[in-house]
Amino acid sequence: MANPGNPVLWVPENLVFSPARRKTGGDLELLSGVGTCGRLLEACDRSERLGEGGDEDVAQPIVLKNGTDSADPSLLEKLFCQYVSCGKVELARLVFDKMQRPRVFLWNSMIRAYSWNGPFHRAVDLFRRMVNSGVAPNKFTFPFVLKACSGLLVLQCGKEIHSRVMRVGLHADVFVCTALVDMYMKCGRLDESRRLFVKMSHRDIVAWNAMVAGCALHGMHGDAIDFVLDMTRTGVTPNSSTVVAVLPAIGEAKALTHGKSVHAFCVRKGLEKVDVLVGTALLDVYGKCNHIDYAQKIFDAMTVRNEVTWSAIIGAYVSCDHMAKALEAFNQMMLEGHQQPTSPTLASILRACARLTELNGGRQMHGYLLKSGFSSDIMVGNSLLSMYSKCGNAEDAVGLFSKMETRDTVSYGAIISGCLQNGNVQEALHIFRKMQASRTEPDVATMVGVIPACSHLAAVQHGRCSHGHVIVRGLSSDISICNALIDMYAKCGRINDARDIFDRMVKRDVVSWNAIISGYGIHGLGKEALSLFHSLQITGLNPDDVTFICLLSACSHSGLIKEGKELFSAMTKSFNIVPRIEHCICMVDLLGRGGHLDEAQDFIKNMPFASDVCVWGALLSACRLHKNLQLGEEVSRIIQKLGPEGTGNFVLLSNIYSAAGKFDEAAIVRIHQKRKGFKKSPGCSWIEIRGKVHAFIGGDQSHPDSLRIHEILGDLFVEMQKLGYKANTSYVLQNVEEEEKEHLLLYHSEKLAIAFGILSLSGSQPIFVTKNLRVCGDCHNAIKFITTITKREISLRDANRFHHFIDGNCSCGDFW
DNA sequence: CTAGGGTTAG
């Protein structure tokens, strides 16, 4: 059932809702389906009332009744106008087609009707017909047809119309010119648009708004804001369209101050309560700027709300991490029943379920979506994929993905990262290959999702391949891509390649710095990490909470205890970063690893918040490292007390580990239990040989070369013993005879992978093995002997860091 | 006016 504390999602039982039906407005469809095709009734008594505007009740029966085709031209015109003003575009068109020689203004009305709500291509077609039938377009025609071009994003067509405008000498007309500015803006020709705009002798508010909206549309947030400032300087007062155009840009730029001044302007004009568009846009800005209280105030004060308003407030709650409020708002909306959910609403709700790992609620939503006809909506479908993945349900995500009718780049991105989040790296890479086969173009987000798959595998060949993809697609200058590449190369043991990417970046963000600092950290190069931190401060970029986690962990792995302590205090004092539990885990780890067990314990006791299993787990592994059994047992008991209920097996397993002195295994069990649900992943090691990844689990005999691998290990064991190696059987979990323990140790996954490396690679090639968990202590010792015997260089990346073994020594100096 | 997938940490 639902997690305690999480709100239960309310979903109506039998609600059926078809988005398609709402959009077309059924009666129009029915009418045109009757097939009366302009057979008109000479409803003379009623024709008097035609043209008064907007009375559709009068207009409809006229066309529906059978009558003669010999309609009076003036009646046709009146009827046409009537339909146009009622918004009955299709009916207006029927009448229009009946006219013998429509006058210019009738062409204009018809084109305008299409340019208003589409279909835009009809407006353009009609314009062409108009020109071909010898009717000269006038200054009213051009703005309408240009608007249709903007809607269709047909630059070529727009250019043709531009040259026609020049030929008939209408380029100085403010309306025509404004429409051209808008068309070029929307079609992405910002230079041409700006050129025309600057040349205009008189710019009205519509022209200014076109510039503002265009900049906002193309993600040029700063320019959009600047245009609004410019227009006020030249004495043009913004209107509600300006506000609605600029607010999304302000929101994207998270420019809270600008948002507030626009808000103030709206209050002066009395817009924010009565204008739905303004109110909605405003509350969205506050949501994006993380000011949910203001967003809510605006929402509460609005006298008119539409479905977009509800979507916006729900989305704002979700992005401000108020999931309960988001679900509450959704329930309220459904109960009030004035507004139906739309795909953005549902996408936000699914995001909320994902964040809460509220699988039951998510499933309920899925059921509702199936009933209500939303399940074919690609955005909703993608949100569902993500929800299932984030709730740890990879199978349902993959199942859903395979059943999707259409998949776009986002669908692939969602499923690839979903597989990755659930630890299925192979499947992620597999789907990436299918994506390429399906000719779906990967974009930045896809590649940012794929590159970490290579980092997890530590498969540098795959990684280089992804790097190649990125270059070919021209994405190699993207900051996020570079960040992912830095991380990938660092985790694949190529710290210098990582540094190279970092050094070549034109622009870096804090994640770039964090990635390279973390890279040095896992390589045990703490001094380098610290020196990068100093460079970071010179750039003027602010380090964030993650930076300090990277730094503290780097210090911890390099034994830089004094530096770590200084960083921790500087973090709060000089950088105003509130320590999170993660920082405390690093500190306990740092102190504990360094042997300051009492200090670590004091640190936990003085933490400003309640300690959790992970903090004690860090201390427990320190107890294991320094063989402090007494404190270790004490800590084990605390962990047992903290452990959540219903995890009996974990408690038991943890006890076995602890009783046998396997404190770090016990800690790992606890951490896994806490973080990943209730599954403990088995120790697994792998090695990439000529682009193929070979994976081994302990005692594995499934590899085709298993026999020879075992032979190699057997021979090595004999040699190692001659050099003084003694198996450390305290690392064996099972309660078996000593000899059996030695046997089990010999076939640990990391040893198997190394033996396979020896078998497959020539003597001069370094061996690079990756393990999902932390390296076993006996293996760590054994590998040192193996480097002496085989004269090979061996690198091992485990869950925490790198170990470079050479000539019987490890780069970590046994400090791990 | 609202909206789906992504990078850094332990």
Side-chain angles (χ1 to χ4, degrees), chain A residues 240-241 243-245 247-248 251 275-285 287-288 305-316 318-319 341-351 354 377-387 389-390 407-418 420-421 442-452 455 478-488 490 509-519 521-522 544-554 556 580-586 588-589 614-615 617-618 671 675 799-800:
Chain A
S240 63
S241 302
V243 169
V244 171
L247 281 174
D275 188 317
V276 208
L277 274 65
V278 169
T280 306
L282 265 177
L283 84 81
D284 181 58
V285 166
K288 292 217 165 70
R305 297 171 193 151
N306 62 15
E307 75 267 30
V308 183
T309 318
W310 282 96
S311 281
I313 193 71
I314 291 170
V318 174
S319 55
T342 57
S343 34
T345 329
L346 299 165
S348 294
I349 290 298
L350 287 169
R351 245 178 80 202
D377 183 297
I378 192 140
M379 279 198 192
V380 173
N382 293 341
S383 304
L384 266 176
L385 285 182
S386 168
M387 183 278 294
S389 304
K390 296 220 168 84
R407 304 178 191 98
D408 63 6
T409 314
V410 178
S411 324
Y412 279 100
I415 195 70
I416 288 172
S417 59
L420 226 48
Q421 281 153 16
D443 62 1
V444 168
T446 325
M447 292 315 293
V448 169
V450 166
I451 296 167
S455 323
D478 183 274
I479 297 187
S480 304
I481 291 270
C482 289
N483 296 347
L485 285 172
I486 291 171
D487 180 59
M488 184 273 293
D509 63 9
V510 71
V511 178
S512 325
W513 289 90
N514 294 350
I516 191 73
I517 288 173
S518 135
I522 57 175
D544 66 2
D545 49 344
V546 178
T547 316
F548 284 93
I549 295 173
C550 300
L551 284 166
L552 292 173
S553 128
S556 174
R580 289 194 287 129
I581 191 114
E582 283 85 352
H583 296 105
C584 298
I585 296 170
C586 289
V588 172
D589 190 57
C614 301
V615 180
I671 288 165
R675 292 279 151 96
N800 274 347

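Each chain gets a letter, A, B and so on, in the order the sequences are listed, and its residues count up from 1.
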Mind calculating the distance between CG (A:Leu350) and C1' (B:dG4) to the nearest angstrom?
10 Å
Rounded interatomic separation in angstrom, taking CG from A:Asp487 and C1' from B:dT8
7 Å
Considering non-hydrogen atoms only, spot the tightest contact between A:Thr280 and A:Ala312 and give its length.
CG2-CB, 3.8 Å
What closest approach, in Å, do A:Leu247 and A:Leu282 show between heavy atoms, and which atom pair accounts for it?
CD1-N, 3.7 Å
Is the phosphate of B:dG5 approached by A:Gln421 (side-chain N or O, under 4.0 Å from OP1 or OP2)?
no
From CD1 of A:Ile486 over to P of B:dG6, roughly how many Å is that when rounded to an integer?
20 Å
At 4.0 Å (heavy atoms only), tell me whether A:Ser512 reaches a base, stays on the sugar-phosphate, or touches nothing.
nothing
Does the base of B:dG10 carry an N or O that pairs as donor and acceptor with the side chain of A:Asp589 under 3.5 Å?
no
Scan A:Val450 against the nucleic acid and name what it touches under 4.0 Å (heavy atoms): base, sugar-phosphate only, or nothing.
nothing
Give one of base, sugar-phosphate or nothing for A:Ala414, where a contact means two heavy atoms less than 4.0 Å apart.
sugar-phosphate
In whole Å, what is the span from the CE atom of A:Met379 to the P atom of B:dA3?
10 Å
Please confirm whether any donor atom in the side chain of A:Asp408 sits under 3.5 Å from an acceptor in the base of B:dG4, or the reverse.
yes
Name the nucleic acid region contacted by A:Val244, choosing base, sugar-phosphate or nothing; use a 4.0 angstrom heavy-atom cut-off, strictly under.
sugar-phosphate
Please determine if a side-chain N or O atom of A:Arg351 lies less than 4.0 Å away from the OP1 or OP2 oxygen of B:dA3.
no
To the nearest 0.5 Å, atom CD of A:Glu307 lies from atom CD1 of A:Ile314 at 11.5 Å
On the side chain of A:Ser480, is there an atom forming a donor-acceptor pair with the base of B:dG6 - under 3.5 Å, no angle test?
yes
Between CD1 of A:Ile451 and P of B:dT7 the distance, given in whole Å, is 11 Å
Base B:dG5 to side chain A:Ser411, donor-acceptor N/O within 3.5 Å cut-off:
no
Nearest to the A:Asn483 side chain among B:dT7, B:dG4, B:dA3, which nucleotide is it?
B:dT7
Can you tell me if A:Lys390 touches the phosphate of B:dG4, counting only side-chain N or O atoms and a distance under 4.0 Å to OP1 or OP2?
no
How would you label the contact of A:Thr409 with the nucleic acid (heavy atoms, under 4.0 Å): base, sugar-phosphate, or nothing?
base
Would you indicate whether the side-chain heavy atoms of A:Ile479 and A:Val511 approach each other to under 4.5 Å?
no
Going by distance alone, is a donor N or O of one side chain under 3.5 Å from an acceptor N or O of the other, for A:Ser556 and A:Ser553?
no
Give one of base, sugar-phosphate or nothing for A:Asp443, where a contact means two heavy atoms less than 4.0 Å apart.
base
According to a strict under-4.0 Å criterion, is A:Ser417 in side-chain N/O contact with OP1 or OP2 of B:dG6?
yes
Determine whether the side chains of A:Asn306 and A:Thr309 contain a donor N or O and an acceptor N or O closer than 3.5 Å.
yes
A:Arg305 near the nucleic acid: base, sugar-phosphate alone, or nothing, with a heavy-atom cut-off under 4.0 Å?
nothing
Starting the side chain at C-beta, find the nucleotide from B:dG10, B:dC1, B:dA3 nearest to A:Pro248.
B:dC1
Does OP1 or OP2 of B:dA3 have a side-chain N or O of A:Ser348 closer than 4.0 Å?
no
Atom NZ in A:Lys390, atom OG in A:Ser417: separation rounded to 0.5 Å?
6.5 Å
Side chain of A:Leu277 - closest among B:dC1, B:dA9, B:dT7
B:dC1
Output the rounded distance in Å from CD1 (A:Ile481) to C1' (B:dG5).
13 Å
Tell me whether the OP1 or OP2 atom of B:dA3 has a side-chain N or O from A:Lys288 closer than 4.0 Å.
yes
Can you figure out which of B:dG6, B:dG10, B:dT2 approaches the side chain of A:Ala445 most closely?
B:dG6
Can you tell me which nucleotide in B:dG4, B:dA3, B:dG6 comes closest to the side chain of A:Val448?
B:dG6
NA contact type, A:Asp377, heavy-atom cut-off 4.0 Å: base, sugar-phosphate, or nothing?
nothing
Would you please confirm or rule out a distance under 4.0 Å between OP1 or OP2 of B:dA9 and any side-chain N or O of A:Ser518?
yes
In whole angstrom, give the distance that lies between atom CG of A:Asp509 and atom P of B:dA9.
14 Å
Just the rounded figure in Å: distance from C1' of B:dT8 to CG of A:Leu552.
15 Å
